[in-house]
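Reading through the structure tokens given below for one structure.
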Amino acid sequence: MQQNKISILSTRPLPQALVDEAAEQNIIIDLLSFIETEPIQSVEVQQEIEQALLRYAVVIFTSMNAVEAVAAYMQSTTPDWLIYCIGQTTLRLVEKYFGEASIGGTANNATELAELVARDAPANELIFFCGDQRRNELPDILRGHDMEVLEITVYHTISTPHAIDKKYNGILFFSPTAAESFFSKNKASTNTILFAIGNTTTDTLKKHSTATVITAGTPGKDSLVEKVINYFVNEER
């Protein structure tokens with residue numbers, strides 16, 4: 001008897017390898033972005049990034065989009081930065097552009113990262129490259145430790161909501177902004193399982209739905225897809 005296929009909606013793109021891995025387990029993932037990001041291309045931002053690239057700095061990234069936006073201004077020389085970041089994808093991009101030796105520390109979320117930086121960073125002046133929808137936890141905690149945080153906003157986040165007619169067994173959310181965008185035009189059935197990349201996304205989902213929310217143990221697309229497979233295949237089989 002053929003097993004029924006599990007239908008999943010991912011609210012942002014996924015690597016094809018993850019889609020294929022899920023398909024091998026009879027889990028079909030539809031991809032539809034509910035947010036878009038675009039780098040800020042202004043003279044002011046360009047000058048701030050270029051000036052930062054020329055000096056030693058303790059730098060924080062909490063988004064792969066911020067890493068990409070900054071890396072676009074790099075020349076052949078790698079900056080003398082000590083970098084703290086969250087998330088597997090962000091970490092991999094930092095290593096790609098700035099080198100593994102640049103990593104000062106990593107954490108699973110912004111709160112943990114802020115506490116790590118406050119404890120271990122060798123300087124009280126930090127540069128936080130972020131988007132225009134960044135949350136307050138990290139800079140607030142750092143400033144609470146009397147650290148000076150220079151925030152450089154390097155990308156915009158744009159909501160792109162869609163009305164969904166199809167019924168899904170599960171929906172993947174990778175940011176609070178994407179969750180807000182989804183629920184601006186949709187509701188989630190109580191039978192639909194919501195999968196969240198981290199605690200802040202979980203909190204946003206719980207504001208909009210009483211459906212079950214499962215949070216990834218570590219931030220990353222592969223971790224969230226693994227949660228889906230474990231839930232629908234390994235745990236329910």
Legend entry - side-chain contact (heavy atoms from CB on, under 4.5 Å) assessment of Leu9 paired with Leu32: CA-CA 7 Å; Leu9 173 65; Leu32 184 61; 4.0 Å; yes
Any chain of hydrophobic side-chain contacts (each under 4.5 Å) joining [X] to [Y]?
X: Trp81; Y: Val67; answer: yes
X: Leu116; Y: Val149; answer: yes
X: Ile193; Y: Val228; answer: yes
X: Leu194; Y: Val225; answer: no
X: Leu142; Y: Ile86; answer: yes

Do [X] and [Y] come close enough that some side-chain heavy atom pair is under 4.5 Å?
X: Glu125; Y: Val58; answer: no
X: Ile197; Y: Ser175; answer: no
X: Val45; Y: Val154; answer: yes
X: Ile27; Y: Lys5; answer: no
X: Phe195; Y: Tyr231; answer: yes
X: Glu148; Y: Asn124; answer: no
X: Lys167; Y: Asn191; answer: no
X: Pro13; Y: Ser33; answer: yes

Could you grab the distance from atom [atom1] of [X] to atom [atom2] of [Y], nearest 0.5 Å is fine?
X: Asp30; Y: Ile171; atom1: CG; atom2: CD1; value: 11.0 Å
X: Leu126; Y: His145; atom1: CG; atom2: NE2; value: 11.5 Å
X: Ile35; Y: Phe174; atom1: CD1; atom2: CZ; value: 10.5 Å
X: Leu224; Y: Gln88; atom1: CG; atom2: CD; value: 10.5 Å
X: Glu48; Y: Leu53; atom1: CD; atom2: CG; value: 12.0 Å
X: Gln41; Y: His156; atom1: CD; atom2: NE2; value: 9.5 Å

Kindly give the heavy-atom pair with the smallest separation between [X] and [Y], and that separation in Å.
X: Ala163; Y: Lys185; value: N-CD, 4.1 Å
X: Leu82; Y: Gly104; value: CD1-CA, 3.5 Å
X: Met74; Y: Pro79; value: CE-CD, 3.8 Å
X: Tyr56; Y: Pro122; value: OH-CG, 3.6 Å
X: Ala66; Y: Tyr155; value: N-CE2, 3.6 Å
X: Ala110; Y: Leu138; value: O-CD1, 3.8 Å

Establish, from distance only, whether the side-chain atoms of [X] and [Y] form a donor-acceptor pair under 3.5 Å.
X: Ser102; Y: Tyr97; result: no
X: Tyr84; Y: Asp120; result: no
X: Thr153; Y: Asp132; result: no
X: Thr215; Y: Thr202; result: yes

Donor-acceptor pair, [X] side chain versus [Y] backbone, under 3.5 Å?
X: Asn186; Y: His162; result: yes
X: Ser184; Y: Pro161; result: no
X: Asn169; Y: Ser7; result: yes
X: Asn108; Y: Thr218; result: no
X: His208; Y: Lys206; result: no
X: Thr90; Y: Gly87; result: no
X: Thr11; Y: Leu172; result: yes

Inset, instruction - List for me each residue that meets salt bridge (charged side-chain N to carboxylate O under 4.0 Å, His left out) alongside Arg92, sequence neighbours excluded, and say none if there are none. - result: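 Result, salt bridge (charged side-chain N to carboxylate O under 4.0 Å, His left out) vs Arg92: none returned.
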Legend entry - All salt bridge (charged side-chain N to carboxylate O under 4.0 Å, His left out) counterparts of Glu151, not counting sequence neighbours: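 Partners of Glu151 under the salt bridge (charged side-chain N to carboxylate O under 4.0 Å, His left out) test: Arg134, Arg143.
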Should we say atom [atom1] of [X] is surrounded by more than 12 heavy atoms from elsewhere, each under 6.0 Å from it?
X: Gln46; atom1: CD; answer: yes
X: Glu100; atom1: CD; answer: no
X: Glu50; atom1: CD; answer: yes

Inset, instruction - Determine, stepwise, if the pair Phe61 / Val70 fulfils side-chain contact (heavy atoms from CB on, under 4.5 Å). - result: CA-CA 10 Å; Phe61 290 110; Val70 172; 3.9 Å; yes
Inset, instruction - For a side chain to side chain contact (heavy atoms under 4.5 Å, CB included) with Cys85, tell me which candidate from Leu93, Ile60, Leu91 qualifies. - result: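 Single side chain to side chain contact (heavy atoms under 4.5 Å, CB included) partner of Cys85 among Leu93, Ile60, Leu91: Leu91.
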Inset, instruction - I would like to know whether Val59 and Phe128 meet side-chain contact (heavy atoms from CB on, under 4.5 Å); could you show each step before the answer? - result: CA-CA 6 Å; Val59 169; Phe128 177 27; over 6 Å; no
Inset, instruction - Could you point out which residue of Phe182, Phe183, Phe173 forms a ring pair (Phe, Tyr, Trp, His ring centres under 6.0 Å) with Phe34? - result: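 So the option named by the test is Phe182.
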Inset, instruction - Applying side-chain contact (heavy atoms from CB on, under 4.5 Å), run through Leu150 and Ile152 and close with a yes or a no. - result: CA-CA 6 Å; Leu150 171 61; Ile152 303 179; 4.1 Å; yes
